[in-house]
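Below you'll find the structure, written out as structure tokens, and then a few comments.
We use all heavy atoms of the structure for the numbers below, so side chains are in, but hydrogens, waters and symmetry mates are not. Chain naming here is simple, since letters A, B, ... match the order of the sequence lines and numbering starts at 1 in each. Bear in mind the structure is a predicted one, so any value in this text is a computation, not a measurement.
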2 protein chains.
Amino acid sequence: MGANLAVQDSGSSRDRILDVAEELFARRGYSGVGMREVAAEVGLGKSSLFHHFSGKVELYLEVLNRVLERIHVRLRDALAAPGCSAERLDRGIDALIDGLVDEPSSARLLLRALFEDENLPPGSDQLAEHQAGERTLQQILGDIHELIREGVKSGEFRSVSAAHTIQTIIGATAYHFASGEFGRELIGSPLLDPDAVASRRAEVKAMLHHGLVAREPVSGEGGKE
Amino acid sequence: MGANLAVQDSGSSRDRILDVAEELFARRGYSGVGMREVAAEVGLGKSSLFHHFSGKVELYLEVLNRVLERIHVRLRDALAAPGCSAERLDRGIDALIDGLVDEPSSARLLLRALFEDENLPPGSDQLAEHQAGERTLQQILGDIHELIREGVKSGEFRSVSAAHTIQTIIGATAYHFASGEFGRELIGSPLLDPDAVASRRAEVKAMLHHGLVAREPVSGEGGKE
DNA sequence: GTCTATATCACGATAGAC
DNA sequence: GTCTATCGTGATATAGAC
């Protein structure tokens with residue numbers, strides 16, 4: 001039962017609660033985690049959690065916000081540097097993967113968050129914590145959307161649907177690193193192993209640059225890199 | 001057996017339980033659904049469920065098996081017909097999307113299944129129901145793997161990693177149709193709307209054929225279609 | 001096959017001592 | 001800020017009548 005949670009004991013009680021809750025919510029989802037378990041893992045009594053967070057939903061939403069903020073900062077910085085659209089795309093992919101790898105709970109938590117709406121108590125989407133997360137999410141999506149739009153406008157990208165391309169990018173990054181044991185068996189090694197991460201980076205970028213179907217090399221660019 | 005006159009709810013109690021459980025598990029996950037709720041939705045007392053299934057885990061695993069079987073049949077038939085690798089790839093993508101669209105619970109249930117391992121009681125992976133699902137899953141993955149391997153071998157596909165390409169395909173199809181309200185807001189219409197489904201088909205195939213980055217047309221094939 | 005009733009346990013949340 | 005004790009509810013599962 002007692003899983004080994006590699007969470008540091010430093011920081012305020014509030015931060016330690018957030019750290020523990022982030023890993024537990026990522027692994028078992030909102031309904032699968034109890035306040036009692038979070039408290040026990042932090043080393044507090046269950047009631048102490050209610051001193052720091054007004055309820056389970058608020059705790060969950062603050063965990064989610066923190067993850068979204070971290071992604072947003074990384075992506076914004078990566079896309080801010082100058083370069084052509086293809087270069088900025090590659091840097092954005094790297095930033096996304098860096099974030100998902102450096103904070104291993106993020107991918108699962110974010111993917112789970114797509115479904116958790118129906119598990120949260122009714123009215124949770126009107127809490128201040130939820131709306132803060134919505135704003136961060138819209139900034140993330142806005143950054144990617146603008147990158148794609150500019151690339152299409154300049155002719156550097158095909159005339160793709162920005163929305164569908166965002167979905168494809170999320171699927172290629174967040175889904176992959178959230179796929180856990182399934183992905184591990186498929187790939188043949190833990191998804192966070194350096195080699196597996198490097199492979200994923202290369203495969204995603206190659207897919208975005210060339211697709212899957214081969215074609216004759218064009219101006220010395222179509223073959224292997 | 002007599003002729004089936006009723007159109008809905010005409011199956012056995014067992015089938016009706018599976019239908020209801022499939023939708024509920026897809027929407028709220030294993031931990032988020034109670035046997036009481038399933039029973040109430042079917043129109044039975046809670047205890048009656050335990051007459052048809054020995055427990056909650058067994059019910060969940062049988063629901064999952066049924067979904068995997070349906071996908072397997074569709075994909076196997078689609079890939080069996082002759083054609084070049086690119087044609088078979090497109091048919092496979094269509095079969096996957098057809099399945100996810102015709103059975104709207106499938107995408108969420110399958111994506112959730114990647115995480116539910118940690119929510120099931122310990123030892124669930126040794127139940128007969130689990131191992132049946134494992135076999136079906138391996139058949140599905142084997143079919144896709146073989147398609148990619150043949151395409152690479154014949155030179156029709158780039159020399160991609162089959163495992164990573166499978167992850168990309170799952171991300172582009174199952175993730176997309178499981179993304180629910182998030183996807184709906186991003187795309188701008190319900191993901192199952194005919195137009196949105198057609199768009200997804202086209203975008204996924206175009207991404208697999210051409211990637212995102214544009215290049216000069218090659219032998220009348222590289223531009224817009 | 002379906003039901004009522006019950007056993008046992010965990011859940012989120014609160015009250016109040018310290 | 002953390003604790004113990006408790007409330008009310010709902011969870012899975014079982015026993016046994018019909």
| task | For residues 121-149 of chain B, pull every pair meeting salt bridge (charged side-chain N to carboxylate O under 4.0 Å, His left out), keeping only residues two or more places apart or in separate chains. | result | none
| query | What residues, two or more places apart in sequence or in another chain, satisfy side chain to side chain donor-acceptor pair (under 3.5 Å) together with B/R88? | reply | B/E150
| said: Restricting to salt bridge (Lys or Arg N to Asp or Glu O under 4.0 Å), what partner residues turn up for B/D94, sequence neighbours left out? | reply: B/R201, B/K205
| D/dG1 phosphate, OP1 or OP2: any side-chain N/O from A/S48 under 4.0 angstrom? | no
| Which residues satisfy the salt bridge (Lys or Arg N to Asp or Glu O under 4.0 Å) test with B/R184, sequence neighbours excluded? | B/E181
| query | For A/H51 and D/dG1, is the shortest distance between a side-chain N/O and OP1 or OP2 below 4.0 Å? | reply | yes
| Taking atom types as modelled and ignoring hydrogens, do the side chains of A/Q167 and B/S179 form a donor-acceptor contact shorter than 3.5 angstrom? | yes
| task | Only counting residues at least two apart or in another chain, list the ones meeting ring-ring contact (aromatic ring centres under 6.0 Å, His included) with B/F157. | result | none
| field | Set of residues satisfying salt bridge (Lys or Arg N to Asp or Glu O under 4.0 Å) with respect to A/R74, sequence neighbours excluded | value | A/D102
| Using a heavy-atom distance cut-off of less than 4.0 Å, which residues of residues 114-124 of chain B contact DNA chain C? | none
| query | Which residues satisfy the salt bridge (Lys or Arg N to Asp or Glu O under 4.0 Å) test with A/R200, sequence neighbours excluded? | reply | none
| query | In the 5'-to-3' direction, what one-character label does each nucleotide of nucleotides 5-18 of chain C receive under the scheme B = base within less than 4.0 Å of a protein heavy atom, S = sugar-phosphate only, - = no such atom? | reply | B-----SBBBB---
